[in-house]
Q: 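Below are the structure tokens for one structure; questions will follow.
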There are 2 protein chains.
Amino acid sequence: MSSVLTAGSFEFDPQLKLEEQTCFQVYALSRLLTKAYQPLLTPLDLTYPQYLVLLLLWEHRELTVKDLGQHLLLDSGTLTPLLKRLAQRGLVSRQRDPHDERSVRITLLPAGVALHERARHIPAQSDQQYAKSPAGLAGLRQELKQLIRRLA
Amino acid sequence: MSSVLTAGSFEFDPQLKLEEQTCFQVYALSRLLTKAYQPLLTPLDLTYPQYLVLLLLWEHRELTVKDLGQHLLLDSGTLTPLLKRLAQRGLVSRQRDPHDERSVRITLLPAGVALHERARHIPAQSDQQYAKSPAGLAGLRQELKQLIRRLA
DNA sequence: CCCAATAAAATTGCACCCAATGTAATATAG
DNA sequence: CTATATTACATTGGGTGCAATTTTATTGGG
């Protein structure tokens, strides 16, 4: 058997173990949670980032692209095509602010408002999926928020 | 001012507030942490997922695509093109297992081994960035692991 | 031995995600 | 008032991420 490497040619640094890295745990958990939302969002024909945009619009009715980006920590490279898809489906409108033509105001259209009713039950259902958490999720969420504040 | 909606045409369900959703916090934190790794990985010309693959190979020397997928919770649709890029650069080799031609064994090449030296300092540096966490990261990481176990 | 079932990758297509760049509008300095 | 800087989006390009499908290889039953 011809190995490319001579055995013992380097020592593995145990600090590099995948399981010990918080960043990987967050990365993996993020994808798992997004996947867990899918059965709830597929009936509404929404992706998770699209759902987040709608959450903000249901709350604020109208926001600029910049506002959305600040809430979601996403930039126009991500938001512009996503919003175009939502507009294509008639869920939101995109129009330049007459008072500052640089801004684009995103507004809910009736079809987007209507989705709110169908999304009302989602938080309760998703909470149920990891409700039996050992320490409860409230504490975890607070810790995550603090980390985000420090990194954002 | 002509609003598309009549004022008060629907009540916002406060359960849908973005800030109260653990999934969003994890999603946002994941992207922030990945971004925090960038100054450490750019000098090695690696993306974060590529770095994760190399972490596993530095530890195990050789793994199948399936093995990598099980550790990282990624499928071949993501891993195959990523591994082709690493192979293109001469960091790893991809060869069918002679005993089971369905499997592809990913092996470190000397250039991939050499990167290990240059990556050795990364965990210490990244830990430093969020070291002053209130409750410490060890507890958070354990909670994340438990959630992953339940959802994977 | 033959064939259906299973398994591992690869491929395809769509939707993020973000760095870098471009463009038009607004704000500011002098 | 005008040149410059800044701001808000849009665009482009590369790299994921994943569902769905296809291809090739192995396994198990008859």
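Chain A is the first sequence line, chain B the second, and so forth, proteins listed ahead of strands; every chain is numbered from 1.
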Q: Would you classify L74(B) as touching base, sugar-phosphate or nothing, given that sugar-phosphate means primed atoms plus P, OP1 and OP2, and contacts are heavy atoms under 4.0 Å?
A: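 Sugar-phosphate contact only.
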Q: Closest nucleotide of DNA chain D for T64(A) versus for L32(A): which of these residues is on the 5' side?
A: T64(A)
Q: Scan T78(A) against the nucleic acid and name what it touches under 4.0 Å (heavy atoms): base, sugar-phosphate only, or nothing.
A: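 Base contact - T78(A) has a heavy atom under 4.0 Å of at least one base atom.
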Q: When you measure from the side chain of R102(A), which nucleotide among dA10(C), dA8(D), dA15(C) comes out closest?
A: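 Comparing dA10(C), dA8(D), dA15(C) against the side chain of R102(A), the answer is dA8(D).
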Q: Testing the 3.5 Å rule here: is there a donor-acceptor pair between the side chains of R141(B) and T22(A)?
A: yes
Q: Measure up the W58(B) and H116(B) rings against each other and bin them: parallel (under 30°), tilted (30 to 60°), perpendicular (over 60°).
A: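 Correct class here is perpendicular.
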Q: Counting the atoms with a prime plus P, OP1 and OP2 as sugar-phosphate, which does Q70(A) contact under 4.0 Å by heavy atoms, base, sugar-phosphate, or nothing?
A: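 Result for Q70(A) = nothing.
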Q: Within the 4.5 Å heavy-atom criterion, are R94(B) and T107(B) side-chain neighbours or not?
A: no
Q: Check E20(A) with K17(A), please: is the shortest side-chain N to carboxylate O separation under 4.0 Å?
A: no
Q: Of the candidate nucleotides dT16(D), dA8(C), dC18(D), which contains the atom at the shortest distance from the side chain of S103(B)?
A: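 Of the candidates, dA8(C) comes closest.
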Q: For S76(A), which contact category applies under a 4.0 Å heavy-atom criterion: base, sugar-phosphate, or nothing?
A: base
Q: Nearest-nucleotide wise, let me know which of V104(B) and L82(A) is further upstream toward the 5' end of DNA chain C.
A: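 In this pair, the answer is V104(B).
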Q: Which is more 5' along DNA chain C, the nucleotide nearest H99(A) or the one nearest D67(B)? Just name the residue.
A: D67(B)
